[in-house]
Q: 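Please find one structure pasted underneath; my questions will follow.
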Amino acid sequence: MAKIENDFFERVYQVVRLIPPGRVTSYGAIARFLGSAQSSRMVGYAMNSSHAQAVYVPAHRVVNRKGMLTGKHFFGGPNTMQELLASEGISILDDTITNFQELFWDPNKELMKGFE
DNA sequence: AGTCTGACCGGGG
DNA sequence: ACCCCGGCCAGAC
């Protein structure tokens, strides 16, 4: 039987949970960290099922490479995602994170840095 | 079991 | 700098 850690979706969730509040990352960055740089679409698809997870997944901290809140419509309300990010001190303009580059949290850098 | 789709990305026009 | 198109992977019908 497949281990939970081996499931692609579950690995995505684990990475997303590691994103510090007030920081964001992109689907592609997570996909690359998992070894499938070309599976960025799967990361977004995994977020679609993130609501069903027992452990909370801060999916609002994941945006596309442009810093746009492409998945905002998949949250409870039309502006739920933006409000969640705003509550963490992130400023958004026109569904796009203004200082995206500064707040960008790259798992390939942050996690590998502390990796033994 | 085959087909389609998707909260994307990168490159080319 | 903007828009469009192909690719890639796993789940849903």
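Quick caveat, the model's predicted, so the values are computed rather than measured. First the proteins, then the strands, lettered A, B, ... as listed; each starts at 1.
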Q: Taking the minimum atom-to-atom distance to the side chain of Thr70(A), which one of dC8(B), dC9(C), dG11(C) wins?
A: dC8(B)
Q: Which is more 5' along DNA chain C, the nucleotide nearest Ser49(A) or the one nearest Arg65(A)? Just name the residue.
A: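 Taking each residue's closest nucleotide, the earlier one in sequence belongs to Arg65(A).
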Q: What nucleic acid atoms does Ala37(A) come within less than 4.0 Å of, heavy atoms only: base, sugar-phosphate, or nothing?
A: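 Result for Ala37(A) = nothing.
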Q: Enumerate the salt bridge (charged side-chain N to carboxylate O under 4.0 Å, His left out) contacts for residues 45-72 of chain A, please, sequence neighbours excluded, ordered by first and then second residue.
A: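 Sorted result for residues 45-72 of chain A: Arg61(A)-Glu88(A), Lys72(A)-Asp95(A).
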Q: Grab the CG-C1' distance between Asn108(A) and dC9(B) for me, whole Å please.
A: 14 Å
Q: So which heavy atom on Phe33(A) is nearest to which on Asn108(A), and how close?
A: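 Residues Phe33(A) and Asn108(A), closest heavy atoms: CA-OD1, 3.3 Å.
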Q: If we only count heavy atoms from C-beta on, is the Arg11(A) to Ile30(A) side-chain gap below 4.5 Å?
A: no
Q: Output the rounded distance in Å from CZ (Arg11(A)) to C1' (dG11(C)).
A: 17 Å
Q: For Met68(A) and dC2(C), what is the distance between atoms CE and P respectively, to the nearest whole Å?
A: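 Taking CE of Met68(A) and P of dC2(C), I get 12 Å after rounding.
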Q: Just to be sure I understand the rule, does Asn64(A) reach a base, reach only the sugar-phosphate, or reach nothing, if contact means heavy atoms closer than 4.0 Å?
A: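 The answer is sugar-phosphate, as Asn64(A) gets under 4.0 Å only of primed atoms, P, OP1 or OP2.
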Q: dA1(C) C1' sits how many Å from Lys66(A) NZ, rounded?
A: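 In whole Å, dA1(C) C1' lies 13 Å from Lys66(A) NZ.
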Q: Could you tell me whether the side chain of Tyr27(A) has a donor or acceptor atom within less than 3.5 Å of a complementary atom in the base of dA7(B)?
A: yes
Q: Nearest to the side chain of Met42(A), heavy atoms from C-beta on, is which of dC9(C), dG11(C), dC8(B)?
A: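 Per side-chain heavy atoms of Met42(A), the pick is dC9(C).
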Q: Separation of Phe9(A) atom CZ from dA10(C) atom C1', in whole Å?
A: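 In whole Å, dA10(C) C1' lies 6 Å from Phe9(A) CZ.
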Q: Send over the distance from Asn79(A) CG to dA7(B) P, rounded to a whole Å.
A: 18 Å
Q: Ignoring hydrogens and geometry beyond distance, is the side chain of Arg41(A) in donor-acceptor contact with the base of dC8(C) at under 3.5 Å?
A: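 When only heavy-atom distances are counted, Arg41(A) does reach the base of dC8(C) through a donor-acceptor pair under 3.5 Å.
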Q: Please give, in whole Å, the distance from dC8(B) C1' to Lys72(A) NZ?
A: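 The answer, rounded to whole Å, is 18 Å.
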Q: Grab the CG-P distance between Asn48(A) and dC4(B) for me, whole Å please.
A: 20 Å
Q: Using the ring of each side chain (for Trp, its six-membered ring), is Phe100(A) parallel, tilted or perpendicular to Phe104(A), with breaks at 30° and 60°?
A: perpendicular
Q: For residues 38-57 of chain A, which residue pairs qualify under salt bridge (charged side-chain N to carboxylate O under 4.0 Å, His left out), counting only residues two or more places apart or in two chains?
A: none
